[in-house]
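All values below were derived from every heavy atom in this structure, side-chain atoms included, with hydrogens, water molecules and symmetry-related copies excluded. Residue numbers begin at 1 in each chain, while the letters A, B, ... track the order of the sequences.
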Protein chains: 2
Amino acid sequence: MAQSNNVTPLFNDLAKIEHDHVACQDCSLYRLCLPLGLHNNDLTKLDEIITRSQNYKRGQSLFSEENSFKSLYVVRSGSFKTTISTSNGREQVTGFYFPGEFIGLDAIHHELYQSTAKALESSSVCELPYDRLQEIGKEMPQLQIQLLTRLSKELAGDKSLMLLLGKKTSKEKLATYLLSLSKRFHDRGFSATEFQLSMSRGDIANHLGLAVETVSRIFSRFQDEGLISLDGKAISLQEMDRLKALCG
Amino acid sequence: MAQSNNVTPLFNDLAKIEHDHVACQDCSLYRLCLPLGLHNNDLTKLDEIITRSQNYKRGQSLFSEENSFKSLYVVRSGSFKTTISTSNGREQVTGFYFPGEFIGLDAIHHELYQSTAKALESSSVCELPYDRLQEIGKEMPQLQIQLLTRLSKELAGDKSLMLLLGKKTSKEKLATYLLSLSKRFHDRGFSATEFQLSMSRGDIANHLGLAVETVSRIFSRFQDEGLISLDGKAISLQEMDRLKALCG
DNA sequence: CACACAAATTGATCTAGATCATGGATATAA
DNA sequence: TTATATCCATGATCTAGATCAATTTGTGTG
């Protein structure tokens with residue numbers, strides 16, 4: 001059966017991508033993205049250094065661990081995951097990224113990317129070459145502040161994730177995760193209760209420090225209890241309040 | 001028995017703190033800290049906005065979750081831990097901070113601190129009021145870049161910690177932790193193999209997502225195997241290579 | 001210096017969630 | 001369309017590390 005269309009679509013349509021060169025001014029992600037608060041002149045300068053990428057297909061890499069760091073990326077449409085690995089090959093999904101969110105911020109201090117970024121579905125990005133960004137940033141304090149704010153936000157998110165990984169039970173982890181997704185969809189103008197999970201159960205499990213089987217079981221349990229309703233990748237949060245209460 | 005003196009002292013003596021107003025130029029932490037790369041004029045301006053704090057005693061808070069965000073702090077001497085909590089009171093130690101390291105970076109995007117910072121021993125800090133920092137930052141791109149770099153570095157560290165929390169066994173966690181401490185001591189000009197653990201076993205356990213008892217047992221095991229030698233808070237890493245191999 | 005309290009160690013037991021195993025559902029490709 | 005690989009769900013079993021319990025050691029404080 002084909003995926004039904006009664007839920008929020010994946011993020012493919014969020015940015016206007018008919019033309020490859022939508023200016024930041026005209027981008028529907030404007031208020032979620034870096035340019036917020038920049039004046040027209042500055043915005044134009046920023047526009048000039050941005051490369052709008054071709055599409056990335058599901059599974060395709062934006063960059064890999066140990067590649068040399070060159071650019072930051074902002075998701076324009078679709079979604080990505082980032083991973084890092086131990087020397088003996090175990091992998092941790094460190095984050096999921098949706099339109100308007102930055103990828104690569106953890107590489108700024110380094111010559112090399114610290115993680116691998118892969119598309120979860122057909123996706124596109126804006127590429128910001130870091131050296132040129134620094135150049136124009138010298139005359140745009142507001143841009144620097146935006147960048148700092150971005151980094152700080154991601155940092156705070158990662159600390160919460162540490163709390164989740166270190167101290168929460170499997171149910172609490174899943175409930176917290178679903179509500180975090182919900183909020184991000186809502187912030188992007190979509191339904192807070194009905195959306196598509198672009199990542200696999202395996203990715204979710206890995207990200208939350210669980211086994212796939214555990215995620216499956218808890219999803220089933222949540223369904224039995226009427227908390228959510230799940231049809232493949234389409235999820236609907238039926239009882240936000242009870243979910244919130246489950247977050248710990 | 002009193003603590004023996006044959007190991008690296010705690011960080012109390014690292015910064016020259018006889019006078020409350022050591023200029024950044026003269027501070028022994030200079031090369032680890034923010035001012036790196038600033039010119040003399042800029043350095044003087046930075047100096048002017050910094051408040052050097054009185055001492056914080058063991059257990060004393062620098063700030064608490066939900067306090068309004070005002071300043072960033074750099075550890076001058078001693079050490080701190082930061083924690084965040086779930087709504088029902090469970091707590092996660094999100095980080096330990098040593099001289100030259102920044103505390104509060106995750107609050108920049110917010111009105112409120114996202115965590116609580118407590119001294120682990122007698123400690124002191126430099127306080128950087130964030131609004132004034134932004135003010136002078138407008139004319140000091142190098143300062144902004146330093147800040148960005150700091151944030152990025154902490155971000156990368158947190159991602160590694162996610163890998164640790166999500167994918168490593170208890171032994172691997174402890175080995176990884178000890179080597180991370182070792183590196184940070186070494187970077188500060190101290191022995192990479194002999195130092196004092198200023199944090200309790202409980203703090204370590206919490207930070208690594210383990211129970212205290214587990215940490216105790218693994219420390220004992222590591223001792224039996226000749227990997228480390230432990231006397232209260234004083235630790236000596238006897239076999240760095242084997243420890244490295246244990247990190248996963 | 002001795003009291004009281006907090007931190008650490010060690011052993012015994014228990015359990016949340018991992019791992020193993022199987023079958024069904026989905027997706028991709030020729 | 002069928003082949004083939006991957007993903008997902010669910011049951012049975014196992015185990016790493018948590019929890020509980022009892023000492024021991026360390027550490028402020030009057």
Side-chain angles (χ1 to χ4, degrees), chain A residues 1-4 10 57-60 81 90 92-93 118-122 164-175 177 196-224 228-235 246 248, chain B residues 1-4 10 57-60 81 90 92-93 118-122 164-175 177 196-224 228-235 246 248:
Chain A
M1 189 187 71
Q3 209 51 257
S4 61
L10 298 185
K57 294 200 203 82
R58 177 176 158 65
Q60 215 178 328
K81 68 171 174 183
R90 270 167 293 168
Q92 171 76 27
V93 173
K118 281 203 169 118
L120 294 170
E121 56 190 304
S122 276
L164 177 146
L165 286 167
K167 293 286 166 308
K168 294 196 179 186
T169 66
S170 51
K171 270 188 213 174
E172 291 169 340
K173 285 176 176 180
L174 238 338
Y177 179 66
Q196 297 273 349
L197 301 167
S198 58
M199 66 296 295
S200 70
R201 306 287 195 270
D203 287 337
I204 297 174
N206 182 303
H207 183 53
L208 303 179
L210 297 171
V212 210
E213 294 93 329
T214 305
V215 169
S216 242
R217 277 187 254 271
I218 293 177
F219 271 162
S220 299
R221 187 88 81 85
F222 279 2
Q223 274 201 95
D224 295 346
I228 64 173
S229 131
L230 204 44
D231 172 22
K233 302 221 163 247
I235 190 168
L246 273 177
Chain B
M1 189 187 73
Q3 209 50 258
S4 61
L10 300 184
K57 294 200 202 82
R58 175 175 161 66
Q60 216 178 329
K81 68 171 172 183
R90 271 167 291 168
Q92 172 76 28
V93 174
K118 283 203 168 118
L120 294 170
E121 58 190 302
S122 277
L164 177 146
L165 286 168
K167 294 283 166 309
K168 294 197 178 184
T169 66
S170 51
K171 270 189 214 172
E172 289 169 342
K173 286 175 175 180
L174 238 337
Y177 178 68
Q196 297 273 348
L197 301 167
S198 57
M199 67 295 298
S200 71
R201 305 287 194 267
D203 286 337
I204 297 174
N206 183 303
H207 183 54
L208 303 180
L210 297 170
V212 210
E213 294 92 328
T214 305
V215 169
S216 238
R217 275 186 256 272
I218 293 177
F219 272 163
S220 299
R221 187 89 80 87
F222 279 2
Q223 273 199 96
D224 295 345
I228 65 174
S229 128
L230 203 44
D231 173 23
K233 302 221 163 249
I235 190 168
L246 273 178

**Request:** Please check the phosphate of dG17(C) (OP1 and OP2 only) for any side-chain N or O of S170(A) closer than 4.0 Å.
**Result:** yes
**Asked** Rounded to whole angstrom units, what separation is found between the CG atom of L230(B) and the C1' atom of dT25(D)?
**Response** 13 Å
**Asked** K167(B) and Q92(A): side-chain donor and acceptor closer than 3.5 Å?
**Response** yes
**Message:** I'd like to know if E213(A) reaches the base of dC20(C) with its side chain such that a donor and an acceptor end up less than 3.5 angstrom apart.
**Reply:** yes
**Complete:** Separation of dT10(C) atom P from R221(B) atom CZ, nearest Å, is 12 Å
**Prompt:** Less than 4.0 Å between a side-chain N and a carboxylate O, is that true for E213(B) and R201(B)?
**Reply:** no
**Message:** Could you tell me how far apart D231(B) (CG) and dA7(C) (P) are, to the nearest whole angstrom?
**Reply:** 19 Å
**Prompt:** Atom NZ of K171(B) to atom P of dA16(D): distance rounded to whole Å?
**Reply:** 10 Å
**Message:** Taking any heavy-atom pair under 4.0 Å as a contact, classify G209(B): base, sugar-phosphate, or nothing.
**Reply:** sugar-phosphate
**Asked** Roughly how many Å is it from CE in M199(A) to P in dC7(D), rounded to a whole number?
**Response** 14 Å
**Prompt:** Can you tell if the side chain of K233(B) reaches within under 4.5 Å of the side chain of S200(B), non-hydrogen atoms only?
**Reply:** yes
**Item:** Distance, rounded to the nearest Å, where K167(A) contributes NZ and dG17(C) contributes P
**Value:** 14 Å
**Asked** Phosphate oxygens OP1/OP2 of dA8(C): is one of them under 4.0 Å from a side-chain N or O of K233(B)?
**Response** yes
**Asked** Does R217(A) have a side-chain nitrogen or oxygen under 4.0 Å from the phosphate oxygens OP1 or OP2 of dA9(D)?
**Response** no
**Prompt:** Is it true that atom NZ of K168(B) has more than 12 heavy atoms of other residues, nucleotides or ligands lying nearer than 6.0 Å?
**Reply:** yes
**Request:** Have a look at S216(A) and say if it touches a base, only the backbone sugar-phosphate, or nothing, with a 4.0 Å heavy-atom cut-off.
**Result:** base
**Request:** Mind calculating the distance between NZ (K173(B)) and C1' (dA16(D)) to the nearest angstrom?
**Result:** 11 Å
**Fill in**
Separation of dA27(C) atom P from Q196(A) atom CD, nearest Å, is 10 Å
**Fill in**
Output for pair (K81(A) NZ, I204(A) CD1), nearest 0.5 Å, gives 11.5 Å
**Item:** T214(A) side-chain proximity, nearest of dT9(C), dG17(C), dA18(D)
**Value:** dG17(C)
**Of the listed nucleotides dA18(C), dG17(D), dT9(C), the one nearest the side chain of R201(B)** = dT9(C)
**Asked** So what does S200(B) touch, heavy atoms closer than 4.0 Å: a base, only the sugar-phosphate, or nothing?
**Response** sugar-phosphate
